[in-house]
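Take a look at the structure below.
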Amino acid sequence: MGADAVGEIVRPRTPPKVRAEPKPVALTPEEIAFVKSLVIYEDAQVMALNKPAGLSSQGGRGQVNTLDELLWAFAKPGKARPRLIHRLDRDTSGVILTAKTKPAASFLGKHLMGRRFSKIYRAIVTPGAPERPSGVIDAPLRREELGREAYMRVCEPDHPDAEAAMTRYRTIASGEGAALLELKPETGRMHQIRVHLASIGRPIAGDVRYGGALMIAGRPVPRLMLHAASLSFPHPEGGMKRIDAPTPPDMAELLQILIERNARQA
């Protein structure tokens with residue numbers, strides 16, 4: 001990366017490999033209709049979708065197409081398909097952004113790396129609201145491999161694999177045994193919100209990997225109750241743009257139970 005040392009023989013550098021464009025994926029009419037139903041915002045430069053839980057952003061296993069592959073439904077002759085700008089965990093629902101042109105992808109990628117994107121999540125946690133209704137979780141994380149699975153763990157700042165991680169939270173509603181939190185990650189580590197909430201004794205409901213409850217008020221929790229509710233970012237055509245993703249029905253049902261229980265306690 002640095003300049004060649006004085007006195008060394010300068011040899012031609014190996015040109016960087018050009019990444020080939022992926023081959024188009026053949027989609028069924030049902031898959032095309034499904035992914036088009038996820039669109040919540042679109043203009044000439046960007047498109048945003050409300051990703052459902054259970055759909056991998058990229059690199060999924062098995063025979064089911066990932067969201068990245070489903071984006072071939074929007075490809076036009078002679079033009080590239082929309083490109084994912086960031087990812088969401090397979091079991092997390094919510095807003096995910098794509099770029100419709102290469103210049104837009106480059107612009108957004110630079111601003112994402114420059115931490116100019118602002119993300120707001122909502123999560124149902126148990127066994128209730130945190131002792132402090134709002135605050136900051138500032139705890140470094142490290143990656144740990146267990147077989148084919150990867151986990152993140154809270155660690156000491158001086159651990160050789162430590163990565164700085166910070167999450168802001170505030171309690172929106174609470175009831176007996178559960179609470180709804182709003183979360184704003186200041187960094188983008190894998191599983192950051194999930195591990196940070198578990199570290200303060202408030203794991204996300206349905207989070208089997210990090211100790212989340214599988215029942216709330218006698219009702220089974222169908223999946224990880226984490227939703228990417230809002231995304232704000234610099235738009236390629238200027239200014240800031242905010243996109244909100246509606247709460248999915250399964251999470252809304254559990255929230256209604258929480259609200260009703262809270263009302264009974266009042």
Determine the minimum heavy-atom distance between [X] and [Y], stating which atoms define it.
X: Ala178; Y: Thr126; result: CB-CG2, 4.2 Å
X: Gly201; Y: Pro127; result: O-CD, 3.5 Å
X: Asp43; Y: Lys100; result: O-NZ, 2.9 Å
X: Pro248; Y: Ser93; result: CG-OG, 3.6 Å
X: Gly94; Y: Asn50; result: CA-OD1, 3.3 Å
X: Ala99; Y: Ala104; result: CB-C, 3.9 Å

Hey, what do you get for [atom1] ([X]) to [atom2] ([Y]), rounding to the nearest 0.5 Å?
X: Arg170; Y: Ile172; atom1: CZ; atom2: CD1; value: 5.0 Å
X: Tyr41; Y: Leu231; atom1: OH; atom2: CG; value: 12.0 Å
X: Leu38; Y: Met47; atom1: CG; atom2: CE; value: 9.5 Å
X: Leu141; Y: Ser199; atom1: CG; atom2: OG; value: 8.0 Å
X: Thr247; Y: Met225; atom1: OG1; atom2: CE; value: 10.5 Å
X: Ile96; Y: Ile243; atom1: CD1; atom2: CD1; value: 11.5 Å

Would you indicate whether the side-chain heavy atoms of [Y] and [X] approach each other to under 4.5 Å?
X: Lys119; Y: Ser230; result: no
X: Arg209; Y: Glu149; result: yes
X: Asn65; Y: Glu31; result: yes
X: Leu88; Y: Tyr121; result: yes
X: Glu253; Y: Leu255; result: no
X: Pro140; Y: Pro157; result: yes
X: Leu108; Y: His235; result: no
X: Met190; Y: Val195; result: no

Taking a hydrophobic cluster as the set of Ile, Leu, Val, Met, Phe, Trp and Tyr residues connected by side-chain heavy atoms closer than 4.5 Å, whether directly or through intermediates, do [X] and [Y] fall within one such cluster?
X: Leu97; Y: Val39; answer: no
X: Leu49; Y: Leu27; answer: yes
X: Leu181; Y: Ile124; answer: yes
X: Val208; Y: Ile216; answer: no
X: Val46; Y: Leu84; answer: no

Salt bridge flag under 4.0 Å for residues Glu163 and Arg142:
no
Pairing of Glu186 and Arg115 as salt bridge, 4.0 angstrom limit:
no
Quick one: does any side-chain atom of [X] pair with a main-chain N or O of [Y] as donor and acceptor, under 3.5 Å?
X: Asp89; Y: Thr92; result: no
X: His227; Y: Ala245; result: yes
X: Lys51; Y: Ser57; result: no
X: Arg81; Y: Asp68; result: yes
X: Arg87; Y: Ser56; result: no
X: Thr171; Y: Pro133; result: yes
X: Ser106; Y: Pro103; result: no
X: Glu69; Y: Thr66; result: yes

Worked verdict on Leu197 versus Leu183 for side-chain contact (heavy atoms from CB on, under 4.5 Å):
CA-CA 10 Å; Leu197 290 175; Leu183 303 126; 3.8 Å; yes
Side-chain donor-acceptor contact under 3.5 Å, Thr187 with Gln192:
yes
Does the side-chain contact (heavy atoms from CB on, under 4.5 Å) test come out yes or no for Tyr169 and Ile193, once each step is laid out?
CA-CA 10 Å; Tyr169 72 89; Ile193 292 174; over 6 Å; no
Going through the distances and angles, do Arg83 and Lys102 end up as a side-chain contact (heavy atoms from CB on, under 4.5 Å)?
CA-CA 8 Å; Arg83 300 183 180 193; Lys102 289 184 178 179; 3.0 Å; yes
Might you work through the salt bridge (Lys or Arg N to Asp or Glu O under 4.0 Å) test for Glu182 and Arg168, ending with a clear yes or no?
CA-CA 8 Å; Glu182 182 179 273; Arg168 300 184 185 277; over 6 Å; no
By the salt bridge (charged side-chain N to carboxylate O under 4.0 Å, His left out) test, which pairs, at least two apart or in different chains, include something from residues 237-252?
Arg223-Asp250, Arg242-Asp244
Crowding at CD, Glu156 (>12 non-hydrogen neighbours, <6.0 Å)
no
Is the number of heavy atoms from other residues, nucleotides or ligands within 6.0 Å of CE (Met113) greater than 12?
no
Got a sec, which residues hit ring-ring contact (aromatic ring centres under 6.0 Å, His included) with Tyr210, two or more places apart in sequence or on another chain?
His191
Test side-chain contact (heavy atoms from CB on, under 4.5 Å) applied to Leu226 and Asp91, step by step:
CA-CA 8 Å; Leu226 179 62; Asp91 295 323; over 6 Å; no
Would you verify whether the NZ or CZ of Arg143 falls within 45 degrees of the ring axis of Tyr151 while also being under 6.0 Å from that six-membered ring's centre?
no
Quick check on side chain to side chain donor-acceptor pair (under 3.5 Å): which of Arg189, His196, Lys184 does Thr167 satisfy it with?
His196
